Amino acid sequence: MRFLFKTDYEDDIRLFPHSGYVYSYGLLLAVLLIAPYVLSSYLMSQLVFVCIYATVGVGLLILTGFTGQASLGHAAFLAIGAYTAAYLQQFNVPFPVYFLAAGLLTGVVGALVGFPALRLQGIYLVIATISFAFIVEEIMARWESVTNGNEGMRVKTMQLFGTTVSRDGPTFYYLCLAVLVLTIVGTLNLLRSPTGRAFVAIRDSETAARSMGINVALYKVKSFAISAAITGFAGVLFAHKLSFISPEMFTLQLSIEFIIVILIGGTFSLHGAVLGAIFLVMIDPFLTYLKDDMPGVIAGAAATLGAGAERAGHIQDAVAAFASANGLKGAIYGIIIVVFVLFEPLGLYGRWLKIKLFFQLFPLYKRATFKRQKIYVKSERNR
């Protein structure tokens, strides 16, 4: 067990609190670097999606987790980044240029969305971001001269410094991993800066933030712009990974999936964005297993317990029909959200903190350690 005693301000803003973090993150990075040489192509493809979704999750955390501004429109920012890359490719613009252009354009759009959102809070802000997502989806479907409408756009294979980068190759994986690592490190430094501390102050109390001289409107717009820009970068990688984009790929459900990433992983932790992305990517393989293999497993178990062949066949058909039902994925999402909101609001990373603290303090651990005290001053009741 290690205890840290902070003696100056530098200790409080240190990127790695102690050497153990350096060793553990270094080991994790080494494992990720050798992954393409030991894992199958399918697992590598899943890791690429984890990197992309985690990048979006980090961007959404800046806006929602650290600034306290709700958003259900991040699929639109992802679409803007993806379509910017696909459009500029037609003019033979090199990858570094349209990658940066996509992030810049998405950041500008995010700032423009942030301005009308300054007067909105709570459910009204959520409605505004949903409306923005619908507007972007309709523009993508109608602006055929740029987006090809509902026919979609083919994304060419990436050319990086004269080298062809296949979407299934290790180079593309390393690129996605590098973008994720740089995004996390950049966000950590942002949160340790006065801007990041202003974000957190706004999240905790806008009234208190204003009393400390923080320009709440300015920092809200900054938060929208930074969050959107990061999502735009992820949109470029998303477009290259799928090699084809169309308006129906960037729906409200995708925005909800991004919310699930940070909700399940942990609303106030960058680690949670990665854990939530891993969880989200695992949903589709689980549904495939549930549809293809689980009916036979359950029918075999029923036969072992004494059910006849006809009865086991009926059970297999019933399970197969349930696993193939429309809306099952949405129902699973809903159940997961309810369970985490009720029993683990801090997400998977919060659960890991509790487990780690349990072993650090055993046998002195108290169950009420993480219990939040709901104490508000009068001015806070109407924030």
Side-chain angles (χ1 to χ4, degrees), residues 55-84 99-137 139 179 182-236 250 252 255 258-259 261-262 267-268 270 273 380 382-383:
T55 302
V56 178
V58 171
L60 187 55
L61 272 175
I62 293 175
L63 180 64
T64 301
F66 298 116
T67 315
Q69 304 302 298
S71 173
L72 270 178
H74 264 57
F77 296 132
L78 190 77
I80 293 172
Y83 272 95
T84 301
F99 181 76
L100 295 176
L104 179 61
L105 176 61
T106 312
V108 171
V109 174
L112 294 177
V113 173
F115 279 110
L118 294 178
R119 293 181 173 271
L120 303 175
Q121 287 184 351
I123 188 63
Y124 302 104
L125 180 57
V126 173
I127 294 173
T129 56
I130 292 176
S131 302
F132 166 71
F134 287 152
I135 291 171
V136 171
E137 186 178 352
I139 290 175
V179 171
L182 290 175
T183 301
I184 291 176
V185 174
T187 303
L188 283 173
N189 283 281
L190 173 67
L191 294 176
R192 296 184 303 148
S193 69
T195 298
R197 293 177 182 272
F199 288 166
V200 175
I202 293 172
R203 178 197 69 191
D204 292 341
S205 172
E206 290 188 17
T207 304
R210 286 193 182 94
S211 68
M212 291 187 293
I214 295 175
N215 188 334
V216 174
L218 175 63
Y219 282 103
K220 280 185 178 181
V221 173
K222 280 186 179 180
S223 179
F224 266 99
I226 295 172
S227 177
I230 293 174
T231 307
F233 291 138
V236 177
F250 305 96
L252 179 61
S255 295
F258 293 151
I259 292 293
V261 166
I262 64 171
T267 313
F268 309 113
L270 298 180
E380 285 296 291
N382 298 320
R383 70 180 287 268

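All values reported here derive from a predicted model rather than from experimental measurement.
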Engineer: Can you find a heavy atom in the side chain of F99 that is under 4.5 Å from one in the side chain of V179?
Structural biologist: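 The answer is yes, as the side chains (C-beta and beyond) meet within the 4.5 Å cut-off.
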
Engineer: Taking all atoms of both residues into account, what is the closest heavy-atom pair of A273 and G57, and its distance?
Structural biologist: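 Residues A273 and G57, closest heavy atoms: CB-C, 3.9 Å.
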
Engineer: Between T84 and A102, what is the shortest heavy-atom contact and its length?
Structural biologist: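 Smallest interatomic distance, heavy atoms only, reads CG2-CA, 3.8 Å.
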
Engineer: Kindly compute the distance separating CD1 (I130) from CD1 (I135), expressed to the nearest 0.5 Å.
Structural biologist: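 CD1 of I135 is found 12.0 Å from CD1 of I130.
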
Engineer: Taking all non-hydrogen atoms of both residues into account, name the closest pair between G81 and T106 and its distance.
Structural biologist: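 Where G81 meets T106 most closely, the heavy atoms are N-OG1, 3.7 Å.
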
Engineer: Can you tell me how far OG1 of T64 sits from CD1 of I259, rounded to the nearest 0.5 angstrom?
Structural biologist: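 Reported to 0.5 Å precision, the distance equals 5.0 Å.
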
Engineer: Would you say the side chain of L270 lies within less than 4.5 Å of the side chain of L61, judging by non-hydrogen atoms?
Structural biologist: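 A side-chain contact under 4.5 Å exists here.
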
Engineer: Tell me the closest heavy-atom pair linking A133 and G73, and the distance in Å.
Structural biologist: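 Looks like CB-CA, 3.9 Å.
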
Engineer: Is there side-chain contact between L112 and F224, with heavy atoms separated by less than 4.5 Å?
Structural biologist: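 No - every pair of side-chain heavy atoms lies 4.5 Å or more apart.
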
Engineer: Rounded to the nearest 0.5 Å, how far does OG of S227 lie from CD1 of I62?
Structural biologist: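 Atom-to-atom, I62:CD1 and S227:OG are 6.5 Å apart.
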
Engineer: Evaluate F132 against F77 for ring-ring contact (aromatic ring centres under 6.0 Å, His included), listing each step before the verdict.
Structural biologist: CA-CA 10 Å; F132 166 71; F77 296 132; 5.1 Å; yes

Engineer: Could you give the distance from CG (L60) to OG (S255), rounded to the nearest 0.5 Å?
Structural biologist: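 L60 CG to S255 OG: 9.0 Å, rounded to 0.5 Å.
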
Engineer: Can you confirm whether the side chains of T129 and H74 place a donor and an acceptor under 3.5 Å from each other?
Structural biologist: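 Distance-only check fails for T129 and H74.
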
Engineer: Below 30° counts as parallel, above 60° as perpendicular, anything between as tilted: where do the rings of F199 and Y219 land?
Structural biologist: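 It falls in the perpendicular class, over 60°.
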
Engineer: Is there side-chain contact between S131 and I127, with heavy atoms separated by less than 4.5 Å?
Structural biologist: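 With C-beta onward as the side chain, the pair touches.
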
Engineer: So, for F250 and A82, which heavy atoms are closest and what is the spacing to 0.1 Å?
Structural biologist: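 Reported closest heavy-atom pair: CZ-CB, 4.0 Å.
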
Engineer: Which atoms form the tightest heavy-atom contact between Q69 and E206, and what is the distance?
Structural biologist: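 That would be NE2-OE2, 4.1 Å.
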
Engineer: In Å, rounded to the nearest 0.5 Å, how long is the span from OG1 of T67 to CD1 of I226?
Structural biologist: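 If I round to the nearest 0.5 Å, the distance is 8.0 Å.
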
Engineer: Can you find a pair of side-chain heavy atoms, one from L190 and one from T195, that are under 4.5 Å apart?
Structural biologist: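 Yes, their side chains come closer than 4.5 Å.
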
Engineer: Are the side chain of R203 and the backbone N or O of G65 linked by a donor-acceptor pair below 3.5 Å?
Structural biologist: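 Confirmed, R203 side chain pairs with G65 backbone.
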
Engineer: Against T231, only a single residue in T55, V56, I80 fulfils side chain to side chain contact (heavy atoms under 4.5 Å, CB included); can you say which?
Structural biologist: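 Option passing the side chain to side chain contact (heavy atoms under 4.5 Å, CB included) with T231: V56.
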
Engineer: Within this structure, what is the CD1-CZ distance for the pair I202 and F66, rounded to the nearest 0.5 Å?
Structural biologist: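 Interatomic distance, I202 CD1 to F66 CZ, rounded to 0.5 Å: 14.0 Å.
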
